[in-house]
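Report on one structure; see the data block that follows.
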Amino acid sequence: MLQALHVHNFALIEDARVEFTKGFNVFTGETGAGKSILIDAFSIALGARASADYVRSGTDALTVQAVFDIENCPAAMKLLEEQGIDYEDGLFLRRRITAAGKSQASINGMQVPLAILRAFAAVLVDVHGQHENQALLKQDFPQQLTDLYGQAEIAPVLEGYHTAFAAYNNAKAELERLQGMGQDRERILDRLEWEIEEITNANLQQGELDELHEEWKRLQNNGKIMQAVSDANELVDGKYSALDALAEARSKIEGAARYDSSLAANAELLESCWLTLEECHKNLLDYLENNEFDGERAAYVEQRLDLWYRLQKKYGADYEAIAAYLHKVQQEAEELHAIDRSIEAKTKELAQKTKELTALAEQLTALRQKYAQLLTKEITAHIADLAMPQGKIEIKFTPKETFGKNGCDDMVFLFSANEGEPLLELSKVASGGELSRIALAVKTVLFNELGVPTMIFDEIDTGIGGVTAQKMAEKIAVIARKGQVICITHLPQIASFADRHIKINKVSAEGRTHTQLEALDEAGRIDELMRMTAGASTSEAARQNAEELLANAAKFKNAR
């Protein structure tokens, strides 16, 4: 239940705080005073789209905070627990919009994404504005209402239908894919087999490419390599032989070691160096004798690298990618060779999925027809209470030619306002006032199913008056017994039923216009009802009429 609303720097509202009660809360005021602006502000607190244009001129930002009592709203408690938000002190939804257009949303002081705010709004409030009446004319709305009304039985079947519908679509798509492949089988097979042959004949080996790169680098630089080896060999055993130098150094140290035994170890080291260098000399000689440039090998390596580059460009960046591509096309080729069997098997599977889906669709239709009849019977009874005693509403079923995501039912409201008149599509025969009353009847029937503790009616009374207004007031009062109702109205008949009556005034002070909210006491309510019924008149007759409206409303509510 909505407990309080605080609006700051929102359009004409400089700063307004209003508290609500359970039952029937009513807002009234002169045209242009800001009644709908208040609902707009509340909607922004619930996550509606917001524009910087709402920020009161001359200020930096607007803020709207809505306070809820969620003691009897387990859905809201569950959402809070899922978000890890403490709710010991209740629920506070807050929205801030800056003049630059930046938006910030928070719940109980914790900043949250706008989507989370909207999730809470969905379980807390149902806002019914004038445009909601038009929802009755939408093609899928009768189905939505019927599914909601009969959800205990319909929801499990609909869930099963959704699962079966997904399986049916998957099987259908797979069959279409196979059939498409079958039509182009020879062309596709030719391509696949050519690719398989090209990759297979290449006989690529893992690690080969790195080896080819190394060999190509050696072959391309053979001259430089041979010159370097030759120069090194000359230094080791040439004109200025390192081997001879080491041998002479060893001989001298050995001679000296006869007089100083501590030099013997150095003679051994020189001997070891000579032996190592001698082995290196032999290796360099072998390299010079056995590594002549091989033109044929160079051509082969170049061709092999070209083959690798070509296959990499077509099939993958490395050996693993090319091998994976080969495996894939081999499987596709195998599948194409067995395409007829695959199509036959998938056709049988699709037939079975179609049979299962058809059974569920028929079950859905039967349940919807059952609950549509019960729903429209209740709606008809309520519109009779709303000054349409001969009004009648039904739902016409037309089977779809194909499976839809929610079944095979096209459903449309049929309506007749007068006895003897045929039932025709609601969109073709209902006036604005009749749509308002039908919408209210629907809300009355489905209040419990909607599962929200607070319902807001924003000028639902458009296009009605007189006895009809009285009946609508009584109907809203009945809804208010089940949960909290907040209503913006211009009709005194509806305002008279309020448990809490708030007047919205537009005033000017110090060169600025702003909106004020005033909770009315009994005397204030009489004055406001006089204004709503008789304008500026303060006659005794106008006062008696206002008092009578309040008395009749109290009598009706007490009787209930």
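Every heavy atom of this structure was used, including side-chain atoms; hydrogens, water molecules and symmetry mates were not.
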Decide yes or no on salt bridge (Lys or Arg N to Asp or Glu O under 4.0 Å) for Asp409 and Arg368, but give the supporting numbers first.
CA-CA 9 Å; Asp409 305 310; Arg368 283 172 175 157; 2.9 Å; yes

Angle between ring planes, Tyr371 versus Tyr149, binned at 30° and 60°: parallel, tilted or perpendicular?
perpendicular

Stepwise, does the side chain to side chain contact (heavy atoms under 4.5 Å, CB included) test hold for Phe68 with Val125?
CA-CA 10 Å; Phe68 291 86; Val125 181; 3.8 Å; yes

Heavy-atom distance under 4.5 Å between the side chains of Phe141 and Met411, does that happen here?
no

On a heavy-atom basis, which atom in Ser416 and which in Pro422 lie closest, and how many Å separate them?
CB-O, 3.7 Å

Could you note down all residue pairs passing ring-ring contact (aromatic ring centres under 6.0 Å, His included) where residues 387-406 supplies at least one of them, sequence neighbours left out?
Tyr168-Phe403

Given Gln144 and Asp140, is the side-chain hydrogen bond (donor to acceptor under 3.5 Å, both in side chains) satisfied, shown in steps?
CA-CA 6 Å; Gln144 293 176 15; Asp140 59 347; 3.0 Å; yes

Pair Glu30 + Arg531: basic N to acidic O under 4.0 Å
yes

Using 0.5 Å steps for rounding, measure from the CG atom of Leu423 to the CG atom of Leu414.
5.5 Å

Is any side-chain heavy atom of Val26 closer than 4.5 Å to one of Ile502?
no

Please identify which of these residues, Val112, Ile116, Leu117, meets the side chain to side chain contact (heavy atoms under 4.5 Å, CB included) condition with Leu114.
Leu117

Pair up each side-chain donor or acceptor in residues 78-85 with any protein partner under 3.5 Å, not counting sequence neighbours, and list the distances.
| unit_1 | atom_1 | unit_2 | atom_2 | d |
| --- | --- | --- | --- | --- |
| Glu81 | OE2 | Tyr87 | OH | 2.8 |

I'd like to know whether CD of Glu419 has more than 12 heavy-atom contacts from other residues, nucleotides or ligands below 6.0 angstrom.
no

Has Lys348 got more than 12 heavy atoms of other residues, nucleotides or ligands less than 6.0 Å from its NZ?
no

Could you pull out the closest heavy-atom pair between Ile395 and Ala372, with the gap in Å?
CD1-CB, 3.9 Å

pair Leu46-Leu93: side-chain heavy atoms closer than 4.5 Å:
yes

Do Val64 and Leu62 come within less than 4.5 Å of each other through their side chains, counting heavy atoms only?
yes

Can you check whether Phe415 reaches Met388 side chain to side chain, under 4.5 Å on heavy atoms?
yes

Exercise: identify the closest heavy-atom pair between Leu148 and Leu446:
CD2-CD1, 4.3 Å

Sidechain N-carboxylate O distance under 4.0 Å for Lys503, Glu528:
yes

Lys/Arg N to Asp/Glu carboxylate O, Lys22 vs Asp69, below 4.0 Å:
no

If we count only N and O atoms by modelled type, under 3.5 Å, do the side chains of His382 and Lys475 hold a donor and an acceptor together?
yes

Under the side chain to side chain donor-acceptor pair (under 3.5 Å) definition, can you give me all pairs with a residue in residues 90-101, not counting sequence neighbours?
Arg95-Ser103

Taking every heavy atom of Ile97 against every heavy atom of Val55, the minimum-distance pair comes out as O-CG2, 3.6 Å

Set of residues satisfying salt bridge (charged side-chain N to carboxylate O under 4.0 Å, His left out) with respect to Glu449, sequence neighbours excluded
none

Taken to the nearest 0.5 Å, the spacing of Ile504 CD1 from Ile37 CD1 works out to 9.0 Å

Taking 4.0 angstrom as the limit, do Glu19 and Arg500 come out as a salt bridge?
no

Is there a side chain to side chain contact (heavy atoms under 4.5 Å, CB included) between Phe24 and Ile486? Walk through the geometry before answering.
CA-CA 6 Å; Phe24 197 179; Ile486 299 170; over 6 Å; no

Heavy-atom distance under 4.5 Å between the side chains of Leu5 and Arg17, does that happen here?
no

Establish, from distance only, whether the side-chain atoms of Thr454 and Gln484 form a donor-acceptor pair under 3.5 Å.
yes

Do we see a donor-acceptor contact under 3.5 Å between the side chains of Gln373 and Gln369?
no

Heavy atoms, side chains only, cut-off 4.5 Å: are Phe556 and Val478 in contact?
yes

Can you tell me which residue pairs pass the salt bridge (Lys or Arg N to Asp or Glu O under 4.0 Å) test with a partner in residues 388-402, sequence neighbours excluded?
Lys392-Glu394

Contact list for residues 48-66, test salt bridge (Lys or Arg N to Asp or Glu O under 4.0 Å), sequence neighbours left out:
none

Do Thr28 and His501 have side-chain atoms, one donor and one acceptor, less than 3.5 Å apart?
yes

